[in-house]
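See below for the structure under consideration.
For the single chain, residues carry numbers from 1 onward in sequence order. This one's a predicted model, so the numbers in the text were calculated from it and none came from an experiment.
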Amino acid sequence: MPTTVMVVNDSAFEKMVMGNTLEEMGYHAVLTDEFQVEKVIVQEKPAVVLVNLVMENTTGEQLILRLRQLWPQGAYVLTSCSRDKLEALKDHEALSGIMATPVTRDRLRRVMDEVIKAI
């Protein structure tokens with residue numbers, strides 16, 4: 001059974017691109033937004049959760065803190081096109097990693113390998 005990876009993003013296009021890439025790499029991608037994620041995470045029990053930093057009603061690091069209470073077993077990776085903001089948050093205790101976007105397939109594979117190995 002493939003590893004489940006949840007993509008949390010308020011951009012439908014970014015979710016679709018990331019989800020398709022993950023599926024092509026052999027993962028089971030679950031796509032959601034900040035409004036549905038708390039319900040979906042308990043149902044899906046993902047190994048890895050990729051959370052966008054900037055969303056309409058929350059920030060990625062705030063959302064990850066809430067999600068860790070619901071699903072502490074997951075590895076949480078913060079994603080953003082703002083490299084400076086990611087670097088400032090890279091040592092946040094709730095994070096398993098950071099990933100700058102847009103991401104290449106090779107970079108996504110490396111991040112996924114690192115995070116899954118650490119679980």
Side-chain angles (χ1 to χ4, degrees):
M1 186 161 186
T3 301
T4 300
V5 179
M6 183 173 288
V7 179
V8 184
N9 197 313
D10 59 351
S11 166
F13 178 73
E14 290 180 25
K15 276 190 298 204
M16 181 186 67
V17 169
M18 186 75 71
N20 287 343
T21 304
L22 287 163
E23 290 281 339
E24 289 170 2
M25 292 169 57
Y27 296 100
H28 170 63
V30 176
L31 311 179
T32 190
D33 60 25
E34 72 270 29
F35 303 110
Q36 299 297 315
V37 67
E38 290 181 22
K39 180 176 85 173
V40 177
I41 198 166
V42 174
Q43 293 170 347
E44 295 291 335
K45 299 174 175 54
V48 180
V49 184
L50 305 175
V51 181
N52 190 42
L53 175 61
V54 179
M55 289 178 274
E56 189 173 327
N57 291 319
T58 191
T59 63
E61 72 270 18
Q62 292 170 342
L63 185 57
I64 288 170
L65 290 172
R66 289 197 323 261
L67 295 176
R68 277 208 172 276
Q69 292 177 358
L70 294 171
W71 184 244
Q73 299 90 329
Y76 292 85
V77 177
L78 194 61
T79 67
S80 178
C81 62
S82 175
R83 295 179 194 282
D84 293 341
K85 289 180 182 176
L86 280 179
E87 278 299 315
L89 293 166
K90 73 177 181 181
D91 294 324
H92 194 290
E93 64 185 9
L95 299 180
S96 303
I98 59 171
M99 183 172 63
T101 57
V103 67
T104 65
R105 181 184 302 263
D106 288 340
R107 175 70 178 135
L108 180 58
R109 185 174 306 283
R110 282 194 306 272
V111 169
M112 294 302 297
D113 288 348
E114 290 170 13
V115 170
I116 289 171
K117 186 173 22 173
I119 295 176

Review point. When clusters are formed by joining ILVMFWY residues with side-chain heavy atoms under 4.5 Å apart, either directly or through shared neighbours, do Met112 and Met16 land in the same one?
Key: no
Check your understanding: Would Val42 end up clustered with Val49 when hydrophobic side chains under 4.5 Å apart are linked, directly or stepwise?
Key -> yes
Point to revise | Side-chain touch Leu108/Met18, heavy atoms, less than 4.5 angstrom | key: yes
**Study point:** Straight-line distance of Glu38 CD to Arg66 CZ, nearest 0.5 Å
**Key:** 4.5 Å
Check your understanding: Between the side chain of Thr101 and the main-chain N/O of Cys81, is any donor-acceptor distance below 3.5 Å?
Key -> yes
Exercise for review: Locate the shortest heavy-atom distance separating Tyr27 from Ile116; write the atom from each residue and the value.
Suggested key: CE2-CD1, 3.6 Å
Check your understanding: If you round to the nearest 0.5 Å, how far is CD of Glu93 from CD of Glu61?
Key -> 12.5 Å
Revision key, fill the gap. Rounded to the nearest 0.5 Å, the CD atom of Gln36 sits from the NZ atom of Lys39 at a distance of 5.0 Å
**Study point:** Residue pair Gln69, Leu65: steps toward the side-chain contact (heavy atoms from CB on, under 4.5 Å) verdict
**Key:** CA-CA 7 Å; Gln69 292 177 358; Leu65 290 172; over 6 Å; no
Point to revise | N/O donor-acceptor pair under 3.5 Å between Ser96 side chain and Tyr76 backbone | key: yes
Revision key, fill the gap. Between the CG atom in Leu63 and the OG1 atom in Thr58, the distance rounded to the nearest 0.5 Å is 5.5 Å
Exercise for review: List the steps and the verdict of side-chain contact (heavy atoms from CB on, under 4.5 Å) for Gln73 and Lys45.
Suggested key: CA-CA 8 Å; Gln73 299 90 329; Lys45 299 174 175 54; over 6 Å; no
Exercise for review: Please check if Ile98 and Val7 belong to a single hydrophobic cluster, counting links between Ile, Leu, Val, Met, Phe, Trp and Tyr side chain heavy atoms closer than 4.5 Å.
Suggested key: no
Revision key, fill the gap. d(Leu53 CG, Thr59 OG1) to nearest 0.5 Å is 6.5 Å
Review point. Are Leu78 and Val111 connected in the hydrophobic side-chain network, where two residues link if heavy atoms are under 4.5 Å apart?
Key: no
Study note, to complete from the structure: Looking only at heavy atoms, the pair that brings Thr104 and Arg107 closest together is OG1-N, 3.0 Å
Review point. Hey, any chance Met99 and Leu31 share a hydrophobic cluster, counting ILVMFWY side chains that come within less than 4.5 Å of each other, even indirectly?
Key: yes
Review point. Atom CD1 of Ile64 and atom CG of Leu50: how far apart are they, to the nearest 0.5 Å?
Key: 9.5 Å
Practice item. Please report the shortest heavy-atom distance between Asp10 and Met55, naming the atom on each side. Key: OD2-CA, 3.2 Å
Review point. So, for Asn52 and Ser80, which heavy atoms are closest and what is the spacing to 0.1 Å?
Key: OD1-CA, 4.2 Å
Study note, to complete from the structure: Looking only at heavy atoms, the pair that brings Thr32 and Val37 closest together is OG1-N, 3.6 Å
Review point. Backbone N or O of Glu87 within a donor-acceptor pair of the Asp84 side chain at under 3.5 Å?
Key: no
Check your understanding: Taking all non-hydrogen atoms of both residues, which atom of His28 and which atom of Pro2 are closest, and how far apart?
Key -> N-CB, 3.9 Å
Review point. Is Lys117 salt-bridged to Glu114, cutoff N-O under 4.0 Å?
Key: no
